[in-house]
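Residue numbers count from 1 along this sequence. The shown structure was predicted, so the numbers you read here are calculated from the model rather than taken from an experiment.
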Amino acid sequence: MQRPTKAIIDLTALKTNIFALRAKLNPKTKLMAVVKANAYGHGMVRVAKTALECGAEYLGVATPEEGLTLRDSGIKAPVLILSGMYKEYADFIVRHKLTATVFSKEILECMQNAAKSAGAVVPVHIKADSGMNRVGIKTNDGLKDLLKAAATYDNIIIEGLYTHFAVSEIPDKSFTLAQAKRFKEMADIAHELGFSPMLHASNSGAVLSLPELNFDMVRTGISMYGYYPGEHFSDIPLQPVLTWKSAVSFVKQIEPGETVSYGRTFTAQKPVRVATLPLGYGDGFKRCLSNKGYVLIRGKRASVIGTVCMDQIMCDVTDIENVRPGDEAVLIGKQGEEFISADEMAERAGTISYEILLSISERVPRVYIE
């Protein structure tokens with residue numbers, strides 16, 4: 001028996017989005033499908049395999065453990081670990097044929113030693129900090145020192161050089177263009193020292209708005225899942241891939257003066273029909289949506305009333321006729337003519353669609369359709 005609360009992943013929509021994004025690229029530009037954080041909540045292995053079927057050449061993850069999950073599923077495509085790594089992971093990365101991001105001579109040396117011990121020649125990508133100020137090599141001298149060290153190692157190939165844009169999703173492109181200029185300067189240094197790394201910088205915002213910055217590869221994250229990184233994109237129609245559903249478990253009427261849930265944050269001012277749904281913040285429906293979230297029942301919006309519990313939420317269905325236990329409830333997605341997007345839920349929760357999607361917990365089954 002399957003619980004009624006589930007996330008439905010439309011692989012056809014995923015494929016449609018990938019093909020639409022690829023159509024924006026130069027045919028020679030590679031595409032990295034970013035599948036970190038369980039593919040933004042959509043299920044890493046299934047999404048990764050679908051993206052590769054659609055022509056993605058690389059996969060992007062955040063941690064070596066995520067890379068191992070892909071390898072254990074039989075995926076052999078290149079997997080880049082986008083976050084910085086600890087030196088203790090070097091042997092692990094080499095053993096499982098993952099690709100490390102490096103931005104220090106210490107980590108580069110660890111990768112060389114691990115590769116030499118394994119009798120392997122391994123690729124790495126260098127991260128350049130062009131203005132994000134998170135991780136990466138920030139100075140020209142730092143990059144020169146790292147590349148000169150790499151030139152002395154027989155078991156390391158500098159396969160890639162990349163950076164990350166901080167605000168490519170906003171209409172003002174001045175900072176992104178300044179980052180790109182800085183990145184190109186660092187790429188020139190690599191070329192002058194005899195290296196020819198694959199260059200990549202564009203995230204979803206840049207892919208959608210700055211095709212001149214696509215370089216040799218782009219990294220598609222949120223756009224692949226059907227959401228725009230900002231409010232100012234419309235030339236590519238994207239389809240949300242995930243629908244989050246549950247079902248009504250109980251319906252009752254409360255009278256004026258009665259309260260609902262922990263903390264008694266909702267008090268009925270008139271007779272209210274209350275529908276209970278079997279999900280809560282333990283499933284990823286954020287507690288901050290108490291008394292301000294919505295779900296769809298029988299094609300109409302029902303407001304969340306009272307405090308969101310760990311395993312249950314309550315909704316006002318007074319104005320929705322004939323609501324019964326077993327009726328479908330949609331938290332994200334379309335029902336009838338109504339639609340609740342992850343963007344809308346995020347706005348009410350004071351966050352972004354990324355967090356909403358990947359907050360849906362592991363106890364919510366992912367059901368794949370094509």
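- Separation of the Phe195 and His191 ring centroids does not fall under the 6.0 Å cut-off.
- For the pair Glu355 and Lys286, the salt-bridge criterion is met [side-chain N within less than 4.0 Å of a carboxylate O].
- Distance OG/Ser202 to CZ/Phe215: 7.0 Å, rounded to 0.5 Å.
- Residue-environment remark: CD (Glu321) stays at or below the threshold of 12 foreign heavy atoms within 6.0 Å.
- In this structure, Gln253 places its CD atom where more than 12 heavy-atom neighbours from other residues, nucleotides or ligands lie under 6.0 Å away.
- Ring-centre distance between Tyr40 and Tyr227: not below the 6.0 Å cut-off.
- Residue Arg287 places its CZ atom among 12 or fewer non-hydrogen atoms of other residues, nucleotides or ligands, all under 6.0 Å distant.
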task = Report the C-alpha separation of Asp216 and Lys30 in whole Å, then their side-chain angles, then the decisive distance to 0.1 Å, and conclude whether the side-chain contact (heavy atoms from CB on, under 4.5 Å) test is met.
result = CA-CA 6 Å; Asp216 301 311; Lys30 293 179 171 59; over 6 Å; no
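- The shortest side-chain heavy-atom distance between Leu147 and Asp145 does not fall under the 4.5 Å cut-off.
- The aromatic rings of His200 and Tyr162 lie parallel to each other, with less than 30° between the two planes, well short of the 60° mark.
- Checked options Val121, Ile158, Leu108, Val124; the residue passing with Tyr153 is Leu108 (criterion: side chain to side chain contact (heavy atoms under 4.5 Å, CB included)).
- Atom NZ of Lys252 sits in a crowded spot, with more than 12 heavy atoms from other residues, nucleotides or ligands closer than 6.0 Å.
- Other residues, nucleotides and ligands contribute at most 12 non-hydrogen atoms within 6.0 Å of the CD atom of Glu362.
- Annotation for Glu337: atom CD does not count as buried by contact number, only 12 or fewer foreign heavy atoms lying within 6.0 Å.
- More than 12 heavy atoms of other shown residues, nucleotides or ligands fall within 6.0 angstrom of atom NZ in Lys15.
- Between Glu53 and Lys49, none of the side-chain N atoms (NZ, or NE/NH1/NH2) sits under 4.0 Å from a carboxylate O, so this pair counts as no salt bridge.
- The two residues Glu344 and Arg301 make their nearest non-hydrogen contact at OE2-NH1, 2.7 Å.
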